[in-house]
Amino acid sequence: MSTYLLVHGAWHSGACWERVVPLLTAAGHRVFTPSLTGYGDRAHLLGPGVGLDDHVDDVVRLIVEEDLTEVVLVGHSYAGLVVSAAANAVPDRIARLVYLDAMVPRDGESAVDVQPMSQALIDLALRSDSGWRVPPLPELPPPMGLFGVTDPADVAWLRSTLSDQPVRCLQQPVRLDNPALDTIPRTHIHCLAGVPEGIVRRPVPAIQPNGDRADVRSLPTGHDCMITMPRELAGLLAELG
């Protein structure tokens, strides 16, 4: 039995994993899918002061309070920053980092550094009435859809779960200064369909920080693969546990 902590990306909530969770639990695994501050059941906490550091604290607090060890820590999209910094804080509790179509930062980088198109979203938010809210990306024609989701019923459900993203989340830098972080094995899962124009995916180094050869998997679907290909994603994650 393995312990999985699945961390959602920007605008989403822990609900996005609801199709993956029963597949993993049926195989005997423990699965945690928290909603970060400002999302899902914690949407009432959304505000201009919420940033990346708060989301890192959310994950670290859950790991410590639940006394989780040997965790397969999965970060989707923006949460690549979150899980990296969380693993930096408690590396002895992490068995593997999984970057699921995710931002992969270096020490001191923000979301803007990893994904430069984030700056355009920040600029729009700063000029808006709120001055800090970044609304979810719009639905695009297939195959892009809404975060890669194109089925009308799934799009409607997904849209109902989304919240705005504070600009502070995209501006704060990650702290990755713990040498023990580099010892943690890493897996990268890329979603290959419907990548919007302007999205940059950094090449994965052939040799990972712990000296292992790069472990890169892929799914032939859009960004929100946990909705469009939950069985296939669960199968990949089960292999890594």
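Computed from a predicted model, the values in this text were never measured in an experiment.
The distance from the CZ atom of Arg201 to the CG atom of Leu192 is 6.0 Å, given to the nearest 0.5 Å. In this structure, Trp11 CH2 and Leu137 CG are separated by 4.0 Å, a value rounded to the nearest 0.5 Å. Separating the CZ atom in Arg186 from the CG atom in Asp215 is a distance of 12.5 Å, to the nearest 0.5 Å. Distance check, rounded to the nearest 0.5 Å: CD of Gln119 to CG of Asp113 gives 9.5 Å. The distance from atom CD of Glu66 to atom OG1 of Thr3, rounded to the nearest 0.5 Å, is 10.0 Å. Remark: Ile189 CD1 to Leu236 CG distance equals 5.0 Å, nearest 0.5 Å.
Using a 4.5 Å cut-off on side-chain heavy atoms (C-beta onward), Phe147 and Leu162 make contact. In this structure, the side chains of Met117 and Ile199 come closer than 4.5 Å at one or more pairs of heavy atoms. The shortest distance between side-chain heavy atoms of Asp53 and Arg175 does not fall below 4.5 Å. Met103 places a side-chain heavy atom less than 4.5 Å from the side chain of Ser118. Looking only at side-chain heavy atoms (C-beta outward), His29 and Val72 stay at 4.5 Å or farther from each other. Proximity of Val155 to Leu158: side-chain heavy atoms (C-beta onward) are nowhere separated by under 4.5 Å. You'll find the side chain of Val7 stays beyond 4.5 Å of the side chain of Asp58, heavy atoms only. With a 4.5 Å cut-off on side-chain heavy atoms, Leu45 and Val50 do not count as touching.
Inspection of the Thr187 and Arg96 side chains reveals an N or O donor paired with an N or O acceptor under 3.5 Å.
The two residues Pro173 and Gly108 have their closest heavy-atom pair at CB-O, 3.3 Å. Closest approach of Tyr39 and Pro166 over heavy atoms only: OH-CD, 3.5 Å. The minimum heavy-atom distance linking Gly80 with Pro105 is given by the pair O-CD, 3.9 Å. In terms of heavy-atom proximity, Val60 sits nearest to Ala89 at CG2-CB, 3.9 Å. Shown here for Tyr99 and Ser84, the closest heavy-atom pair between the two residues is OH-OG, 2.7 Å. Minimum interatomic distance between Leu73 and Ala86 (heavy atoms only, all atoms of both residues): CD2-CB, 4.3 Å.
A side chain to side chain contact (heavy atoms under 4.5 Å, CB included) with Leu97 holds for exactly one of Ile184, Val71, Leu240, Val74; it is Ile184. For the side chain to side chain donor-acceptor pair (under 3.5 Å) test with Arg217, the passing option among Glu239, Glu232, His188 is Glu239; the others fail.
A donor-acceptor pair under 3.5 Å links the side-chain atoms of His55 to the main chain of Thr37, judged by distance alone. A distance-only check finds no donor-acceptor pair linking the side chain of Glu109 to the backbone of Val114 [under 3.5 Å]. Under a 3.5 Å cut-off, the side chain of Tyr4 and the backbone N or O of Leu237 do form a donor-acceptor pair. Side-chain atoms of Asn88 do not come within 3.5 Å of backbone N or O of Leu181 as any donor-acceptor pair. Checked by atom type and distance alone, the side chain of Gln165 never pairs as donor or acceptor with a backbone atom of Ala10 at under 3.5 Å. Judged by distance alone, the side chain of Ser218 and the main-chain N or O of His190 form no donor-acceptor pair under 3.5 Å. Looking only at distances, no side-chain donor or acceptor of Asp224 sits under 3.5 Å from a matching main-chain atom of Gly148. Proximity of a side-chain donor or acceptor of His8 to a complementary backbone N or O of Ser35 within less than 3.5 Å is not detected. Between the side chain of His76 and the backbone N or O of His223 there is at least one donor-acceptor pair closer than 3.5 Å. Side chain of Trp132 to main chain of Gly49: no donor-acceptor pair is present (N/O by atom type, distance under 3.5 Å, no hydrogens or angles).
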**Chi angles and distances behind the side-chain contact (heavy atoms from CB on, under 4.5 Å) call for Trp157, Val149** = CA-CA 10 Å; Trp157 174 81; Val149 178; over 6 Å; no
**Derivation of the side-chain contact (heavy atoms from CB on, under 4.5 Å) call for Leu100 and Cys225** = CA-CA 9 Å; Leu100 179 58; Cys225 58; 3.6 Å; yes
**Request:** Take Ser110 and Gln171 through the test side-chain contact (heavy atoms from CB on, under 4.5 Å) and record every step on the way to the result.
**Result:** CA-CA 6 Å; Ser110 68; Gln171 294 173 321; 5.7 Å; no
**Request:** Using the side-chain contact (heavy atoms from CB on, under 4.5 Å) rule, take Met229 and Leu233 through it: C-alpha gap first, then chi angles, then the decisive distance, then the call.
**Result:** CA-CA 6 Å; Met229 296 188 75; Leu233 175 60; 5.7 Å; no
**Message:** Would Arg19 and Asp154 count as a salt bridge (charged side-chain N to carboxylate O under 4.0 Å, His left out) here? Give the steps.
**Reply:** CA-CA 12 Å; Arg19 295 180 181 177; Asp154 287 344; 2.6 Å; yes
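At a threshold of 4.5 Å between side-chain heavy atoms, the hydrophobic network of Ile, Leu, Val, Met, Phe, Trp and Tyr places Val82 and Leu62 in one connected group. The same ILVMFWY cluster, assembled from side-chain heavy atoms under 4.5 Å apart, contains both Leu219 and Val98. Both Trp17 and Val31 belong to a single network of hydrophobic side chains, linked directly or stepwise wherever heavy atoms of I, L, V, M, F, W or Y lie under 4.5 Å apart. Under the 4.5 Å side-chain heavy-atom criterion for ILVMFWY residues, a single connected hydrophobic cluster contains both Val83 and Val64. Note on Leu121 and Met144: separate hydrophobic clusters, where clusters join Ile, Leu, Val, Met, Phe, Trp and Tyr whose side-chain heavy atoms are under 4.5 Å apart, directly or indirectly.
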